[in-house]
Engineer: 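Quick one: structure below, then a few questions.
The chains referred to below are lettered A, B, ... by the order of the sequence lines, with proteins before strands, and numbering in each begins at 1. Computation of the quantities below employed the complete heavy-atom set of this structure, encompassing side-chain atoms and omitting hydrogens, waters and symmetry-equivalent molecules.
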Amino acid sequence: MSDYSLNLPQTDFPMKANSAVREVEIQKRWDAEDVYAKAMKKRESSEKFVLHDGPPYLSSSKIHIGTALNKVLKDIVCKYKNQKGFYSPYVPGYDSHGLPIENAALKDVKGGRHSITPVELRKRCREFALSNLKGQEANFRRLGVWGDWEHPYITLDQKFEAAQIRVFGQMATKGFLYKGLKSVSWCPTCETALAEAEVEYADHKSHSIYVKFEVAPQSRAKLPKFIKDGDQVNFVIWTTTPWTLPANLGVALHPDFNYHFLKTKDHGVLVVSEGLKEAFLSTTGVGDVELLGEALGKELELIETKHPFIDRTSLVVLGGHVTNETGTGVVHTAPGHGPEDFELGAKYKLGVVSPVDERGIFTEEAGQFKGQFYEKANQPILDHLTELNKLLHHSTYSHSYPHCWRCKKPLIFRATEQWFASVDGFRKDALKAIDSVQWIPESGRNRIFNMVENRSDWCISRQRAWGVPIPVFYCEKCNKHLMTAESIEKVATAFEKYGSDSWWEKSPEELIGDVKCECGHGEFRKETDIMDVWFDSGTTWHGVLDMRKEQLKGAPCELYLEGSDQHRGWFQSSLLTSVAVSGKAPYKTVLTHGFVVDETGRKMSKSMGNVVEPDEVIKQYGADVLRLWVASVNYTDDIPIGKNMLAQLAEVYRKLRNTARYLLGNLSDFNPKTDRVAYEKLSPIDQFVLHRLSSLVKEVTEDFDRFEFFKYYQLLQNFCVVDLSSFYFDIAKDRLYTEAKNSESRRAVQTVLEEVLLTLVRIIAPVAPHLADDIWQHLPEAIKKFEATEESVLLTDFPVAQARFVDENLSQLFESLIDVRETVNKALEQARADKKIGKSTEAQVLIAVENAELRKKVESLGADLPGFFITSQATVQAEVNGKAAGNRLSEVKENGLTVVVFNAEGTKCARCWKFKTEVGTIKENPELCSSCLEALKES
RNA sequence: UGUCGCAUAGCUCAAUUAGCAGAGCACUUGCCUGAUAAGCGAGAGGUGGAGGUGCAAUUCCUUCUGUGGCAACCA
């Protein structure tokens with residue numbers, strides 16, 4: 001019976017994505033046809049929108065999901081901006097120096113870092129980093145990220161190193177760099193100083209000890225009068241780091257605290273603060289005590305005590321940092337091993353003892369503990385204290401403690417000579433610059449502002465080999481350092497030509513020529529420290545943006561887009577160097593995203609087994625589904641991902657795909673040149689869909705401009721599902737399939753479908769470029785020829801919301817009609833549930849509308865009414881009257897609306913499947929309805 | 001520990017000034033077999049907990065819990 005020809009959809013566009021194969025093919029075509037370059041060429045004279053890539057670190061060849069998210073976000077922005085008419089290049093970068101790479105490269109070096117030359121070590125580091133680059137690049141490209149992959153920036157490039165040296169030079173010339181002895185965070189495992197940004201707090205179990213410091217005989221006269229001659233007086237300090245005791249030089253009290261002198265049976269007189277006395281007594285259990293008297297901290301200043309086990313005095317000093325929260329109110333002070341101690345020590349000229357070397361091993365200075373790793377020395381020190389009867393109590397104490405963010409081991413403080421960038425010197429400008437930047441989300445402003453406001457100077461020295469050297473020389477005679485604009489420029493020139501290896505390969509003379517020190521001497525040695533790797537990436541605004549000015553127009557650029565941890569990392573290091581040199585921020589807008597967590601909100605970790613690997617997602621679902629995930633989440637907070645979400649995203653992807661397939665299939669015979677129907681001639685529902693389309697374009701444009709992709713995602717999905725698939729597509733099928741091929745009614749639908757398709761495909765392109773381009777390649781030839789001549793959708797312009805499609809009245813009309821349609825659906829469903837009908841064309845509906853205005857609206861559909869409900873007949877009345885007394889299949893009343901369902905009148909037409917009364921009465925063909933007959937004649 | 005932010009259906013997101021808490025997906029269920037490893041309909045399902053102020057609270061207040069940032073976590 002179904003021999004009658006219908007206009008069914010025709011397309012080669014496959015329903016199944018087969019992403020694993022198809023996406024790769026598409027990418028190959030992009031590469032082969034150089035689509036990125038063509039897009040850039042197309043916009044070469046347009047306004048620039050530069051997103052500057054924060055360089056991922058090259059310690060691994062495989063990216064994790066957070067990096068994938070970051071790159072995709074960037075790619076969405078760049079692709080969108082390009083479509084919007086900007087010249088928006090993407091130059092990917094890589095961060096290639098630094099400790100983790102050096103440590104990794106050292107893994108298979110027998111004998112460790114000291115067994116090979118720096119140049120040899122650096123060669124291994126370079127090879128390791130560059131091999132990882134290849135892996136990461138492949139990962140990024142598989143995500144569909146486009147960019148100038150042939151010309152990435154790498155911080156180990158000679159030109160980049162030279163630029164970095166020049167930034168250093170400018171900062172030096174401005175007096176923002178100095179060498180100073182300070183207490184810095186030190187990682188004994190990595191054997192280097194660390195900057196604040198590299199410190200991370202984690203729980204740690206420490207010792208908790210109370211140690212007696214006996215007042216020295218020469219100071220007994222300074223003790224309060226209530227102390228009798230025979231009393232041995234001890235200040236009791238509390239510390240969690242026994243190993244710092246060999247470095248002890250002082251005992252700090254709070255000037256305004258009250259200190260109690262407690263006479264004990266076994267320990268002489270003990271001095272602790274009043275506020276901590278009770279806690280102290282109960283913790284240590286020293287037994288009954290007699291309060292001899294009390295004194296303020298400031299009354300005890302400069303009393304000398306005896307170091308518990310070293311022949312040395314330890315001075316009582318006063319410090320505001322002493323608190324009454326834990327311990328004894330008497331603070332063990334080791335200027336060599338604590339920042340506050342260091343400052344206090346400087347104030348009192350205590351000197352500095354730092355008997356721990358760069359590996360955390362005790363030196364000669366530590367006497368009997370020499371040669372031991374600091375942590376290992378805790379126990380012997382405790383034993384020694386016990387032996388000497390200086391230890392009052394010992395237990396453990398859990399607290400958070402600074403750790404190295406690279407190797408995760410506990411840090412120590414070491415007072416050493418380091419190079420610093422004087423943040424104090426340009427803090428005000430930095431804060432001002434922060435306020436000139438747009439931070440998204442806004443909270444980012446406060447986050448970085450507070451950090452910069454309170455941070456101390458930036459320690460840029462690292463005692464390692466894999467990095468850019470600090471370009472300073474020291475006079476062999478007077479030891480004064482040489483750091484002039486000229487000397488630094490000479491180093492920069494040398495690096496530009498030979499790379500930074502030349503620092504190790506060449507002599508000072510070869511590097512800077514014949515230069516004399518102020519003292520007249522002409523022989524120099526080179527600084528051995530290299531720069532903090534954050535200094536490398538912190539200067540990309542110069543090494544990349546400025547150095548590729550023609551392409552990237554120089555700093556500041558429009559956008560930095562990184563994870564929110566970069567407030568203390570790259571955003572800050574970039575800001576500091578840029579402000580120091582130019583007084584400006586290197587970026588106009590900073591956009592941040594949170595961290596990826598699993599579906600239950602937990603951090604991803606190997607041990608929990610909840611890690612989502614990007615390549616596995618791609619293997620199973622394809623890059624576009626992963627990209628769709630990126631677009632679907634509000635990345636301001638933590639970003640969840642997991643099996644459920646991906647499965648759902650795959651469904652949404654499928655919906656997009658099938659929407660496109662319907663559009664493509666039903667446009668197979670449409671020639672825009674000849675078949676298009678003028679807007680005025682479209683039926684109301686057609687016009688309404690165009691209205692919806694134009695609001696979609698308007699809204700998603702706003703969403704893209706605000707980087708709120710999750711709103712775009714919701715809108716896009718809703719449009720495809722609600723406006724198209726279940727509404728317009730469903731209703732339009734009748735016109736598309738059964739009307740004469742060239743009828744105006746059918747061409748009208750196709751006119752709308754074409755507009756929708758060409759708009760949708762371009763809206764999808766930034767987020768799901770493979771899908772969009774796949775659609776593009778499958779466009780019907782006539783459309784390709786006249787409306788879609790670009791070889792890739794990525795070369796098109798983003799759609800513009802068409803004002804001529806906007807019709808608010810029509811929109812309101814259809815809102816009401818859709819409400820009515822929902823009620824009709826309920827009534828039909830009831831009849832269906834009662835097995836009275838199957839498909840809705842087996843029914844006719846009677847709609848009684850009380851409200852005259854609404855009734856008029858429904859009536860306005862006229863002959864389109866049955867089609868609107870996909871029934872065979874539909875009538876509108878003011879109330880259910882006698883005429884409808886037939887066999888009621890169901891009835892639904894709601895909102896002043898009564899819908900009654902009857903069996904459709906007439907007989908089913910064999911072609912269009914609608915029930916018509918004339919079917920069977922037409923002699924020419926009793927199987928068909930009149931319109932089908934006509935349609936057949938016309939075609 | 002302090003401080004700031006966040007918390008809406010199983011999931012991803014909405015909800016003007018306090019005014020009946022909405023979508024899509026998933027789920028359940030029915031239909032269709034001319035988008036077919038498709039499509040359509042219907043249904044169920046929710047404001048983290050406990051208080052408070054309002055006629056009325058997702059919205060304002062207090063508190064707790066969870067989560068994230070920052071600061072300190074000390075010696």
Engineer: Does a side-chain N-to-carboxylate-O contact under 4.0 Å join A:Glu829 and A:Arg832?
Structural biologist: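 Counted as a salt bridge, because a side-chain N and a carboxylate O are separated by less than 4.0 Å.
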Engineer: Any side-chain N or O of A:Tyr737 under 4.0 Å from OP1/OP2 of B:rA35?
Structural biologist: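 Checking A:Tyr737 against B:rA35: at least one side-chain N or O falls below 4.0 Å of OP1 or OP2.
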Engineer: Could you state the CG-C1' distance from A:Leu753 to B:rA35, rounded to the nearest angstrom?
Structural biologist: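 After rounding, the reported distance stands at 12 Å.
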Engineer: Using purine N1 to pyrimidine N3 plus N6-O4 or O6-N4 for Watson-Crick, or N1-O2 and O6-N3 for G-U wobble, each under 3.5 Å, what pairs with B:rC60?
Structural biologist: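 In the structure as shown, B:rC60 has B:rG52 as its Watson-Crick or wobble partner.
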Engineer: Is it true that the side chains of A:Glu699 and A:Tyr712 contain a donor and an acceptor less than 3.5 Å apart?
Structural biologist: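 Side-chain D/A pair, A:Glu699 to A:Tyr712: absent.
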Engineer: Between A:Ser872 and A:Gln844, is there a side-chain donor-acceptor contact under 3.5 Å, judged purely by atom types and distance?
Structural biologist: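 There is no such pair between these side chains.
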Engineer: Quick one: which protein N/O atoms are closer than 3.5 Å to N/O atoms of nucleotides 7-10 of chain B? Pair and distance per line, please.
Structural biologist:
from, atom 1, to, atom 2, distance (Å)
B:rG10, N2, A:Gln648, NE2, 2.7

Engineer: Output a table of donor-acceptor pairs, distance under 3.5 Å, between side-chain atoms of residues 662-669 of chain A and any protein atom two or more places apart or on a different chain; print 'none' if there are none.
Structural biologist:
from, atom 1, to, atom 2, distance (Å)
A:Tyr662, OH, A:Phe729, O, 2.8
A:Asn666, ND2, A:Tyr662, O, 3.0
A:Ser668, OG, A:Gly665, O, 3.2
A:Asp669, OD1, A:Arg746, NH2, 3.3
A:Asp669, OD1, A:Gln750, NE2, 2.7
A:Asp669, OD2, A:Arg746, NH1, 2.8
A:Asp669, OD2, A:Arg746, NH2, 3.2
A:Asp669, OD2, A:Arg747, NH1, 3.3

Engineer: Can you tell me the base-pairing partner of B:rG66? Count Watson-Crick or G-U wobble geometry only, both distances below 3.5 Å, and say none if there is no partner.
Structural biologist: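 Pairing partner, where one exists within any strand: B:rC6.
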Engineer: Give A:Phe595 one of three labels, base, sugar-phosphate or nothing, depending on what nucleic acid heavy atoms sit under 4.0 Å from its own.
Structural biologist: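 Counting heavy atoms under 4.0 Å across all strands, no contact is made by A:Phe595.
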Engineer: Can you tell me how far P in B:rU63 sits from the matching atom in B:rC25, rounded to whole Å?
Structural biologist: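 Looking at atom P only, B:rU63 and B:rC25 are 42 Å apart.
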Engineer: Of all the choices, B:rA14, B:rG30, B:rU36, which nucleotide is nearest to the side chain of A:Lys711 once you look at every atom?
Structural biologist: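 Of the candidates, B:rA14 comes closest.
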Engineer: Identify whether the distance between the nearest side-chain nitrogen and carboxylate oxygen of A:Glu651 and A:Lys655 falls below 4.0 Å.
Structural biologist: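 Looking at A:Lys655 together with A:Glu651, the answer is no, because their closest N to O distance does not fall below 4.0 Å.
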Engineer: From C-beta outward on A:Asn825, which listed nucleotide comes closest to its side chain: B:rG30, B:rG41, B:rA75?
Structural biologist: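 Nearest listed nucleotide: B:rG41.
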Engineer: If the C1' atom of B:rG5 is compared with that of B:rA21, how far apart are they to the nearest Å?
Structural biologist: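 That atom pair is separated by 24 Å.
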Engineer: Quick one: is A:Arg832 getting a side-chain N or O under 4.0 Å of the B:rG30 phosphate, OP1 or OP2?
Structural biologist: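 Answer no for this pair, as no side-chain N or O of A:Arg832 is under 4.0 Å from OP1 or OP2.
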Engineer: Assign each of A:Leu6 and A:Ala647 to its nearest nucleotide of RNA chain B by heavy atoms, then name whichever residue's nucleotide is nearer the 5' end.
Structural biologist: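 Mapping each residue to its closest nucleotide by heavy atoms, the 5'-most match is A:Ala647.
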Engineer: One character per nucleotide, please: for nucleotides 43-48 of chain B, 5' to 3', B when the base has a protein heavy atom closer than 4.0 Å, S when only the sugar-phosphate does, - otherwise.
Structural biologist: S-----
Engineer: Just name whichever nucleotide pairs with B:rA71, Watson-Crick or G-U, keeping both distances under 3.5 Å, else none.
Structural biologist: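 Here B:rA71 is engaged in a pair, and the nucleotide opposite it is B:rU1.
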Engineer: Measure from the side chain of A:Glu829, starting at C-beta and using heavy atoms only, and say which of B:rG30, B:rG34, B:rG41 lies closest.
Structural biologist: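 Of all the options, the side chain of A:Glu829 is nearest to B:rG41.
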Engineer: Quote, to the nearest angstrom, the P distance that separates B:rC64 from B:rC27.
Structural biologist: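 B:rC64 and B:rC27 have their P atoms separated by 41 Å.
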Engineer: So A:Ile448 and A:Trp439, do their side chains get closer than 4.5 Å, heavy atoms only?
Structural biologist: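 A:Trp439 vs A:Ile448: side chains touch.
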Engineer: Could you tell me which nucleotide pairs with B:rA14 by Watson-Crick or G-U wobble geometry, both distances under 3.5 Å, or answer none if nothing does?
Structural biologist: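 WC or wobble partner does not exist here.
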Engineer: Of A:Asn718 and A:Ala833, whose closest RNA chain B nucleotide lies nearer the 5' terminus?
Structural biologist: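 Checking each residue's closest nucleotide, the 5'-ward one belongs to A:Asn718.
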Engineer: Counting side-chain heavy atoms from C-beta on, which of B:rC70, B:rG39, B:rG41 comes nearest to A:Met451?
Structural biologist: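 From the listed options, B:rC70 comes nearest.
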Engineer: Distance between the P atoms of B:rG66 and B:rG48, in whole angstroms?
Structural biologist: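 Nearest-Å result for B:rG66 against B:rG48 at atom P: 16 Å.
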Engineer: Could you tell me the separation between the CG atom of A:Leu656 and the C1' atom of B:rA35, rounded to a whole number of Å?
Structural biologist: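 Result: 15 Å.
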Engineer: Just how far, in rounded Å, is C1' of B:rA35 from OH of A:Tyr728?
Structural biologist: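 After rounding, the gap between these two atoms is 15 Å.
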Engineer: Determine the contact category for A:Tyr662: base if any of its heavy atoms lies under 4.0 Å from a base atom, sugar-phosphate if only primed atoms, P, OP1 or OP2 are that close, otherwise nothing.
Structural biologist: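 Counting heavy atoms under 4.0 Å across all strands, the contact made by A:Tyr662 includes a base.
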Engineer: Just how far, in rounded Å, is P of B:rC31 from CH2 of A:Trp913?
Structural biologist: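 To the nearest whole Å, that distance equals 17 Å.
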Engineer: Without decimals, in angstroms, what is the distance between A:Trp629 CH2 and B:rU12 C1'?
Structural biologist: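 In whole Å, B:rU12 C1' lies 13 Å from A:Trp629 CH2.
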Engineer: Look at A:Ser726 and B:rG41 and indicate whether a side-chain polar atom (N or O) is within less than 4.0 Å of OP1 or OP2.
Structural biologist: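 A:Ser726 to B:rG41 OP1/OP2: side-chain N or O found under 4.0 Å.
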Engineer: Mind checking the C1' distance from B:rU16 to B:rG34? Whole angstroms is fine.
Structural biologist: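 It works out to 46 Å between them.
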Engineer: B:rC40 C1' sits how many Å from A:Ile870 CD1, rounded?
Structural biologist: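 Taking atom C1' of B:rC40 as the reference, CD1 of A:Ile870 is at 7 Å.
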Engineer: Please state the C1' separation for the pair B:rA18 and B:rA9 - nearest whole angstrom.
Structural biologist: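 After rounding to an integer number of Å, I get 23 Å for this pair.
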Engineer: In Watson-Crick or G-U wobble terms, both distances under 3.5 Å, what is the partner of B:rC32?
Structural biologist: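 Paired with B:rC32, as far as the under-3.5 Å criterion goes, is no nucleotide at all.
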Engineer: For the pair made of CD1 in A:Ile641 and P in B:rC13, what is the distance, rounded to whole Å?
Structural biologist: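 From A:Ile641 CD1 to B:rC13 P: 12 Å.
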Engineer: So if I take every side-chain heavy atom of A:Met645 and compare against B:rU12, B:rA75, B:rU33, which nucleotide ends up nearest?
Structural biologist: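 Side chain of A:Met645 sits closest to B:rU12.
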Engineer: Examine the side chains of A:Thr592 and A:His567 and answer whether a donor and an acceptor come within less than 3.5 Å of each other.
Structural biologist: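 A:His567 and A:Thr592 do not have a side-chain donor-acceptor pair below 3.5 Å.
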Engineer: Examine distances only and state if a side-chain atom of A:Arg414 and a backbone atom of A:Val356 form a donor-acceptor pair shorter than 3.5 Å.
Structural biologist: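 The answer is yes, because a donor-acceptor pair under 3.5 Å joins these two groups.
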Engineer: Starting at NE2 of A:His567 and ending at P of B:rG5, how long is that distance when rounded to a whole Å?
Structural biologist: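 Going from NE2 in A:His567 over to P in B:rG5 covers 16 Å.
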Engineer: Using atom types as modelled and distance alone, determine if a side-chain donor or acceptor of A:Arg661 lies under 3.5 Å from a backbone N or O of A:Phe13.
Structural biologist: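 The answer is yes, because a donor-acceptor pair under 3.5 Å joins these two groups.
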Engineer: Quantified in whole Å, what is the P atom distance between nucleotide B:rG43 and nucleotide B:rG69?
Structural biologist: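 To the nearest whole Å, 43 Å.
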Engineer: Both distances under 3.5 Å, Watson-Crick or G-U wobble: report the partner of B:rU47, or none.
Structural biologist: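 Looking at the geometry, B:rU47 pairs with no nucleotide.
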Engineer: Within the 4.0 Å heavy-atom criterion, would you say A:Gln714 contacts the bases, only the backbone, or no part of the nucleic acid?
Structural biologist: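 Answer is base: heavy atoms of A:Gln714 come under 4.0 Å of a base.
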Engineer: Among B:rC40, B:rA42, B:rG34, find the nucleotide with the atom closest to the side chain of A:Lys655.
Structural biologist: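 In terms of side-chain proximity for A:Lys655, the closest of B:rC40, B:rA42, B:rG34 is B:rC40.
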Engineer: Among B:rU12, B:rA75, B:rG68, which nucleotide sits nearest the side chain of A:Trp238?
Structural biologist: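 Comparing B:rU12, B:rA75, B:rG68 against the side chain of A:Trp238, the answer is B:rA75.
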Engineer: B:rA35 base to A:Thr659 side chain: any donor-acceptor pair below 3.5 Å?
Structural biologist: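 Per atom types, no contact qualifies.
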Engineer: Quiz question: by atom type and distance under 3.5 Å, do the side chains of A:Asn248 and A:His307 form a donor-acceptor pair?
Structural biologist: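 Absent: no donor and acceptor within the cut-off.
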Engineer: If you check every side-chain atom of A:Ser725, which of B:rG39, B:rU12, B:rA23 has the closest atom?
Structural biologist: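 Closest nucleotide to the A:Ser725 side chain: B:rG39.
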Engineer: So, does A:Lys733 get its side chain near the phosphate of B:rU33, meaning an N or O under 4.0 Å from OP1 or OP2?
Structural biologist: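 Checking B:rU33 against A:Lys733, no side-chain N or O comes under 4.0 Å of OP1 or OP2.
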Engineer: Considering only atom P, compute the distance from B:rA23 to B:rA44 and round it to an integer number of Å.
Structural biologist: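 It works out to 13 Å between them.
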Engineer: By nearest atom, which of the nucleotides B:rG69, B:rC13, B:rA75 is closest to the A:Val633 side chain?
Structural biologist: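 Among B:rG69, B:rC13, B:rA75, the one nearest the side chain of A:Val633 is B:rC13.
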Engineer: Base, sugar-phosphate or nothing for A:Thr240? Non-hydrogen atoms, less than 4.0 Å.
Structural biologist: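 If one applies the 4.0 Å heavy-atom cut-off, A:Thr240 turns out to touch the sugar-phosphate alone, with no base involved.
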Engineer: Can you confirm whether the side chains of A:Asp341 and A:Thr333 place a donor and an acceptor under 3.5 Å from each other?
Structural biologist: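 The criterion, which ignores hydrogens and geometry beyond distance, is not satisfied for A:Thr333 and A:Asp341.
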Engineer: Choose from B:rA35, B:rA42, B:rC13 the nucleotide whose nearest atom is closest to any side-chain atom of A:Pro9.
Structural biologist: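 Out of B:rA35, B:rA42, B:rC13, the nucleotide with an atom closest to A:Pro9's side chain is B:rA35.
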Engineer: Tell me whether B:rG54 sits syn or anti, counting syn as a glycosidic angle within 90° of 0.
Structural biologist: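 This nucleotide is in syn.
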